[in-house]
Amino acid sequence: MNAHRYNKQSKLSFSFSMLYLTIIFLFIPLFVVVFFSFNSSKGMQWNHASLIWYKTLIFESPSLWAAFKNSLIIALTSSVTATFLGTLAAIGIKWYRFKGRSYITTISYLPMVLPEVIIGISMLIFFSAVKVRLGMFTIFAAHTTFNLPFVFMMVSARLDEFDYSTVEAARDLGANESQTLTKVIIPTIIPGVLSGFLMCITMSLEDFVITFFVSGPGSGTLPLYVYSMIRYGVSPVINALTFVMILGTMVIAFTFRKFLKTVAASS
């Protein structure tokens, strides 16, 4: 018994040690970036603590905020569109039986598994062929396209656990198809819908490769702007921006975590 307990504790100790090492390995770069965002000098040599780069970020970086505005507009609009279309697609695939259903399901996952370079080049060729000028609209269309599979996957997973006897009960009570959809199905799967929406926003805000191919003059997003800034060295302003985005992400994550738990419990 003691030997068994010793072996179990050793395994747990090794597992936790590897977990801690992995977490440290992943987060050390973030701590370094945050640390040097408070450095008064531009180099990696520490001078003294200062908020000069946060001042530069907030008051002296209009082009950066313009790029952030573009990213936010694209993220929100493409996420809403992808969530709407992906939710209806998942419901349609699960609800109806028709020829080619399995093929459509398989094809729906292609934008998620294909390399981003291939998707970006393909969309660039497509937009050039149909004579669409590269700009905000093409970025919106591209982001909507690669976000759709994530919503489709999350809503489909939620529908797999759905109790279809509630649909039959709603029909027995006289509900038509639209009433069943809006008052029975969607309220039940809303945690999956919201999770897909948040995933879309995250994917859109951080995308660089596809956006690089389909962006045009004046439509640069934040990742493209950051790339242009660090081509000749990491600017301390980027360090400050990174810390601000980390704080914003943490606030949003903790806020929606509690909200999603409440919604999941109520559904």
Side-chain angles (χ1 to χ4, degrees), residues 25-34 36-37 53 56-57 61-83 86 109-128 132-154 195-250 252-253:
F25 176 77
L26 292 175
F27 282 92
I28 276 182
L30 295 180
F31 290 136
V32 172
V33 168
V34 172
F36 281 100
S37 69
W53 305 118
T56 304
L57 171 67
S61 304
S63 55
L64 186 149
W65 291 111
F68 178 76
K69 178 183 176 182
N70 290 341
S71 290
L72 200 59
I73 292 173
I74 294 296
L76 291 176
T77 54
S78 64
S79 297
V80 170
T81 306
T83 302
Y109 291 110
L110 282 180
M112 186 170 58
V113 299
L114 286 175
E116 290 188 339
V117 174
I118 295 178
I119 298 177
I121 294 175
S122 301
M123 289 189 171
L124 175 61
I125 295 173
F126 171 76
F127 291 135
S128 300
V132 177
R133 184 179 180 181
L134 298 181
M136 293 287 285
F137 174 77
T138 55
I139 300 176
F140 160 78
H143 285 212
T144 302
T145 300
F146 72 71
N147 277 331
L148 266 170
F150 295 98
V151 180
F152 181 82
M153 179 181 63
M154 291 187 176
S195 299
F197 174 73
L198 294 176
M199 175 66 74
C200 290
I201 290 182
T202 302
M203 297 295 296
S204 179
L205 286 175
E206 62 89 24
D207 180 76
F208 170 80
V209 177
I210 297 177
T211 308
F212 178 80
F213 286 102
V214 299
S215 63
S219 61
T221 58
L222 186 60
L224 297 181
Y225 183 84
V226 171
Y227 172 73
S228 65
M229 288 184 66
I230 65 174
R231 289 176 65 183
Y232 305 104
V234 179
S235 171
V237 178
I238 300 300
N239 296 339
L241 175 65
T242 301
F243 184 47
V244 172
M245 294 189 69
I246 290 173
L247 289 179
T249 303
M250 291 176 61
I252 294 173

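Taking F140 as the reference, nothing meets the ring pair (Phe, Tyr, Trp, His ring centres under 6.0 Å) condition, with sequence neighbours excluded. With sequence neighbours left out, T202 forms a side-chain hydrogen bond (donor to acceptor under 3.5 Å, both in side chains) with no residue at all. For T138, the side-chain contact (heavy atoms from CB on, under 4.5 Å) partners two or more places apart in sequence, or in a different chain, are F127, V132, L134, V214. Listed by chain and residue number, F243 satisfy the side-chain contact (heavy atoms from CB on, under 4.5 Å) test with L247 (two or more places apart in sequence, or in another chain). Under the ring pair (Phe, Tyr, Trp, His ring centres under 6.0 Å) criterion, F197 pairs with no residue, sequence neighbours left out. Under the ring pair (Phe, Tyr, Trp, His ring centres under 6.0 Å) criterion, F146 pairs with H143, sequence neighbours left out. Not a single ring pair (Phe, Tyr, Trp, His ring centres under 6.0 Å) links F126 to another residue, sequence neighbours left out. Judged as a side-chain contact (heavy atoms from CB on, under 4.5 Å), and not counting sequence neighbours, the contacts of S63 are Y225. Applying the side-chain contact (heavy atoms from CB on, under 4.5 Å) test to E116 and every residue at least two apart in sequence or in another chain returns D207, V209, I210.
Between L57 atom CG and T242 atom OG1 the span is 9.5 Å, to the nearest 0.5 Å. For the atom pair CZ (F213) and CZ (F208), the distance works out to 9.0 Å, reported to the nearest 0.5 Å. Interatomic distance, L64 CG to L222 CG, rounded to the nearest 0.5 Å: 5.5 Å.
Proximity of a side-chain donor or acceptor of S215 to a complementary backbone N or O of T211 within less than 3.5 Å is detected.
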Check residues 72-83 and write down every donor-acceptor pair under 3.5 Å in which the side-chain atom is one partner and the other belongs to a residue at least two apart or another chain.
from, atom 1, to, atom 2, distance (Å)
T77, OG1, I73, O, 2.7
T77, OG1, I74, O, 3.3
S78, OG, I74, O, 2.6
S78, OG, A75, O, 3.4
S79, OG, A75, O, 2.5
S79, OG, I201, N, 3.2
T81, OG1, T77, O, 2.9
T83, OG1, S79, O, 2.6

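Across S219 and M136, no two heavy atoms sit closer than the pair CB-N, 3.8 Å. Considering every non-hydrogen atom in both A240 and S37, the closest pair reads N-CB, 3.7 Å.
N147 is listed as a side-chain neighbour of S204, based on a closest heavy-atom distance under 4.5 Å.
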